**Student:** 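The structure's right below; bear with me while I get my questions together.
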Protein chains: 2
Amino acid sequence: MKEKKESALQETKNKSLKNRKFRELWNRPGYLIRRLHQIHLGLFAEECRDEDVTPVQFGMLSVLASGVEMDQLTLSTSVGVDRVSGADVIKRLERRGLLQRNRSEIDRRARVISITPQGVEFVENVRPKMARAQAKLVAPLTEAELAELERILKKLIEANNDASRAPLGVN
Amino acid sequence: MKEKKESALQETKNKSLKNRKFRELWNRPGYLIRRLHQIHLGLFAEECRDEDVTPVQFGMLSVLASGVEMDQLTLSTSVGVDRVSGADVIKRLERRGLLQRNRSEIDRRARVISITPQGVEFVENVRPKMARAQAKLVAPLTEAELAELERILKKLIEANNDASRAPLGVN
DNA sequence: ATAGTTTAAGCAGTATACTACGTTTTGCAA
DNA sequence: TTGCAAAACGTAGTATACTGCTTAAACTAT
């Protein structure tokens, strides 16, 4: 099954040399990043298939795990998603009893989000699985390559932060 | 507006040193990749806001642009999405008259996808905008850094290809 | 030849990730 | 103080990206 067709991977790679910049998919940084993002989602899902949790869901819970409380927008931006996506994730986590949504006494527009005891336990259970997914993702790299990758990714994110439709830490 | 709050970006970064591997969002490669993916989507959307097209849509059309025909699964895997997501994208591109879906004469289960003249024109119009989005994304990097980033991303994608839920070129 | 497997698609359901628009509350300034 | 801008949230709509189930056609092996 795995050998049935010629590898499109190899095919795309070989063509890449003789073409103009960005002409082939394989030469588009955006394409490479999207593929790696999908791979990470796959690895994470595989590690956490018993708990049925996603990277963004775990990201939110791990932000709240220390017991801090915050409104939906602050929570959303702190994990790098927009307000509406964040509210969606929060809704699902609330349904599973992993966090609470309460009206703020100070600002009656806001909803204050806090983790539940079940949420704390959940984070502790899932944390090693998350770490395994991260480790598998970067397992093919040497220490030096990993350090370089992280440095370059951080540089790109910092420089382009405003370009994202969910900029981190500015609204 | 941009200065209103303390930068969560900077905050997260500073905390990162004194914590265990992967403990903080900022130290999770998967998180960095997701953020950069979002940034690319934002840059692409900004460049192509007149044409209302996404990277995956453009990817499909640019694969077809030379006039080749293929079934939905082959097309989907060649741009790195699964069969169902691909069919969804194809449906929308067909609705806009940029490609055609015809039943195969040889295999009556299959739908043969081919680009239309409007599709070809569309690709030519959008290609420079796609290239600008790619260029902006990696603009903060030196030539050497870009080369290293691409090398590492390709290495990770090749090594982890099967881990993706839409592996490229194997089915 | 036919029975069983595989393959290409379709359909339903779910999660992330947005835009656009509307509502209520807050806060500032004339 | 009132009047208006901004903020927090909600709702609706759209696109990507899957899983799981089903149907119909094609293939394979006996």
Side-chain angles (χ1 to χ4, degrees), chain A residues 1 4-5 30 34-35 37-46 48-49 52-60 70-77 79-93 95-96 101-113 164-167 171, chain B residues 1 4-5 30 34-35 37-46 48-49 52-60 70-77 79-93 95-96 101-113 164-167 171:
Chain A
M1 178 155 128
K4 220 207 86 184
K5 284 189 186 180
R34 178 173 64 80
R35 295 282 305 137
H37 175 56
Q38 287 172 328
I39 286 168
H40 172 62
L41 291 179
L43 288 170
F44 195 98
E46 194 184 318
C48 301
R49 63 192 177 295
D52 190 33
V53 65
T54 66
V56 174
Q57 287 175 8
F58 180 78
M60 273 200 181
M70 58 191 81
D71 62 34
Q72 296 192 159
L73 179 58
T74 306
L75 181 54
S76 298
T77 55
V79 298
V81 302
D82 77 307
R83 184 178 65 76
V84 184
S85 310
D88 230 33
V89 176
I90 290 167
K91 189 178 62 191
R92 282 185 283 274
L93 293 174
R95 202 165 55 205
R96 294 171 65 178
R101 255 162 46 99
N102 297 112
R103 277 221 178 277
S104 168
E105 298 297 323
I106 302 138
D107 183 343
R108 307 197 323 161
R109 294 168 300 181
R111 304 286 200 147
V112 178
I113 314 301
S164 166
R165 288 176 293 183
N171 50 353
Chain B
M1 178 155 128
K4 217 205 85 185
K5 284 189 188 179
R34 179 173 63 81
R35 294 281 305 137
H37 175 56
Q38 287 172 329
I39 285 168
H40 172 61
L41 291 179
L43 287 170
F44 195 99
E46 194 185 319
C48 301
R49 63 193 178 293
D52 192 31
V53 65
T54 67
V56 174
Q57 288 176 5
F58 181 79
M60 274 200 181
M70 59 190 79
D71 62 34
Q72 296 192 159
L73 179 57
T74 306
L75 180 55
S76 298
T77 53
V79 298
V81 300
D82 77 307
R83 185 179 64 75
V84 184
S85 310
D88 230 32
V89 176
I90 290 167
K91 190 178 62 190
R92 281 184 284 274
L93 293 174
R95 202 165 54 204
R96 294 171 66 177
R101 254 161 47 98
N102 296 111
R103 276 222 177 277
S104 167
E105 297 297 323
I106 302 138
D107 184 342
R108 307 198 322 159
R109 294 167 300 180
R111 305 286 200 144
V112 179
I113 314 300
S164 167
R165 288 175 294 183
N171 49 356

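To find a chain, count down the sequence lines: A is the first, B the second, and so on, and within it residues start at 1. It should be emphasised that the depicted structure is a prediction, and the values quoted were computed from it without experimental measurement.
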**Student:** Rounded to the nearest Å, what distance is computed from the CZ atom of residue A/Arg95 to the P atom of nucleotide C/dG13?
**Tutor:** 14 Å
**Student:** Can you check whether B/Thr54 has a side-chain N or O nearer than 4.0 Å to OP1 or OP2 of D/dA15?
**Tutor:** no
**Student:** Rounded to whole Å, please give me the gap between CD in B/Gln38 and C1' in D/dA15.
**Tutor:**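 Those two atoms, CD and C1', are 14 Å apart.
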**Student:** So what does A/Arg34 touch, heavy atoms closer than 4.0 Å: a base, only the sugar-phosphate, or nothing?
**Tutor:**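 Contact class for A/Arg34: sugar-phosphate only.
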**Student:** Examine the base of D/dA7 for any acceptor or donor lying under 3.5 Å from a partner atom in the side chain of A/Arg109, and report the outcome as yes or no.
**Tutor:** yes
**Student:** Treating B/Arg83 as the side-chain partner and B/Leu73 as the backbone partner, does any N or O pair qualify as donor plus acceptor under 3.5 Å?
**Tutor:** no
**Student:** Remember a base hit wins even if backbone is also touched, and classify B/Val56 as base, sugar-phosphate or nothing at under 4.0 Å, heavy atoms.
**Tutor:** sugar-phosphate
**Student:** OP1 or OP2 of C/dG10 sitting under 4.0 Å from any side-chain N/O of B/Gln72?
**Tutor:**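 For B/Gln72, the contact criterion (side-chain N or O under 4.0 Å from OP1 or OP2 of C/dG10) is met.
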**Student:** Within this structure, what is the CG-to-C1' distance between A/Asp71 and C/dT26, rounded to whole angstrom?
**Tutor:**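 Atom-to-atom, A/Asp71 to C/dT26, this comes out as 14 Å.
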**Student:** Heavy-atom nearest nucleotide on DNA chain C for A/Val84 versus B/Ala110: which residue maps closer to 5'?
**Tutor:** B/Ala110
**Student:** Hey, does A/Arg111 have a side-chain heavy atom less than 4.5 Å from the side chain of A/Ile90?
**Tutor:** no
**Student:** Within less than 4.0 Å of OP1 or OP2 of D/dA15, is there a side-chain N or O belonging to B/Gln57?
**Tutor:** no
**Student:** May I ask you to say what B/Leu93 touches in the nucleic acid, namely base, sugar-phosphate or nothing, with a heavy-atom cut-off under 4.0 Å?
**Tutor:**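 If one applies the 4.0 Å heavy-atom cut-off, B/Leu93 turns out to touch nothing in the nucleic acid.
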**Student:** Taking all non-hydrogen atoms of both residues into account, name the closest pair between B/Asp71 and B/Ile113 and its distance.
**Tutor:**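 Nearest pair, atom of B/Asp71 first, then B/Ile113: C-CG1, 4.4 Å.
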**Student:** Report the distance from atom CZ of B/Arg103 to atom P of D/dA25, rounded to the nearest whole Å.
**Tutor:** 8 Å
**Student:** Nearest to the B/Asp82 side chain among C/dT26, C/dC18, D/dA17, which nucleotide is it?
**Tutor:** D/dA17
**Student:** Can you list the residues that meet the side chain to side chain donor-acceptor pair (under 3.5 Å) rule with A/Arg109, with sequence neighbours excluded?
**Tutor:** A/Asp107
**Student:** For B/Arg96, report the nucleic acid contact type (base, sugar-phosphate, nothing); a contact means any heavy atom under 4.0 Å.
**Tutor:** nothing
**Student:** Is there a side-chain polar atom (N or O) of A/Arg101 under 4.0 Å from OP1 or OP2 of D/dG10?
**Tutor:** yes
**Student:** Nearest whole Å is fine: how far is C/dC18 P from B/Ile39 CD1?
**Tutor:** 10 Å
**Student:** Taking atom P of D/dA12 as reference, at what distance in whole Å does atom NZ of A/Lys91 sit?
**Tutor:** 10 Å
**Student:** Taking N and O atoms by type only, does the side chain of A/Arg83 place a donor or acceptor under 3.5 Å from a partner on the base of D/dG10?
**Tutor:** yes
**Student:** From the set D/dG10, D/dA17, C/dC18, return the single nucleotide nearest to any side-chain atom of A/Ser85.
**Tutor:**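 Nucleotide nearest to A/Ser85's side chain: C/dC18.
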**Student:** Considering every strand and a 4.0 Å limit on heavy-atom distances, what is the contact class for A/Arg49: base, sugar-phosphate, or nothing?
**Tutor:** nothing
**Student:** Going by the rule side-chain contact (heavy atoms from CB on, under 4.5 Å), which residues pair with A/Arg96 if we only count those two or more places apart in sequence or in a different chain?
**Tutor:**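 side-chain contact (heavy atoms from CB on, under 4.5 Å) list for A/Arg96, sorted by chain: A/Gln57, A/Leu98, A/Phe122.
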**Student:** In whole angstrom, give the distance that lies between atom CZ of A/Arg108 and atom C1' of D/dA7.
**Tutor:** 15 Å
**Student:** CZ/B/Arg35 to CD/B/Gln38 distance, rounded to the nearest 0.5 angstrom?
**Tutor:** 5.5 Å
**Student:** A/Leu73 has a side chain; which of D/dA25, C/dA17, D/dA8 sits nearest to it?
**Tutor:** D/dA8
**Student:** If you look at every strand shown and take non-hydrogen atoms under 4.0 Å, does A/Arg111 touch a base, only sugar-phosphate, or nothing?
**Tutor:** sugar-phosphate
**Student:** Could you tell me the separation between the CG atom of B/Leu75 and the P atom of C/dA8, rounded to a whole number of Å?
**Tutor:**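 In whole Å, C/dA8 P lies 14 Å from B/Leu75 CG.
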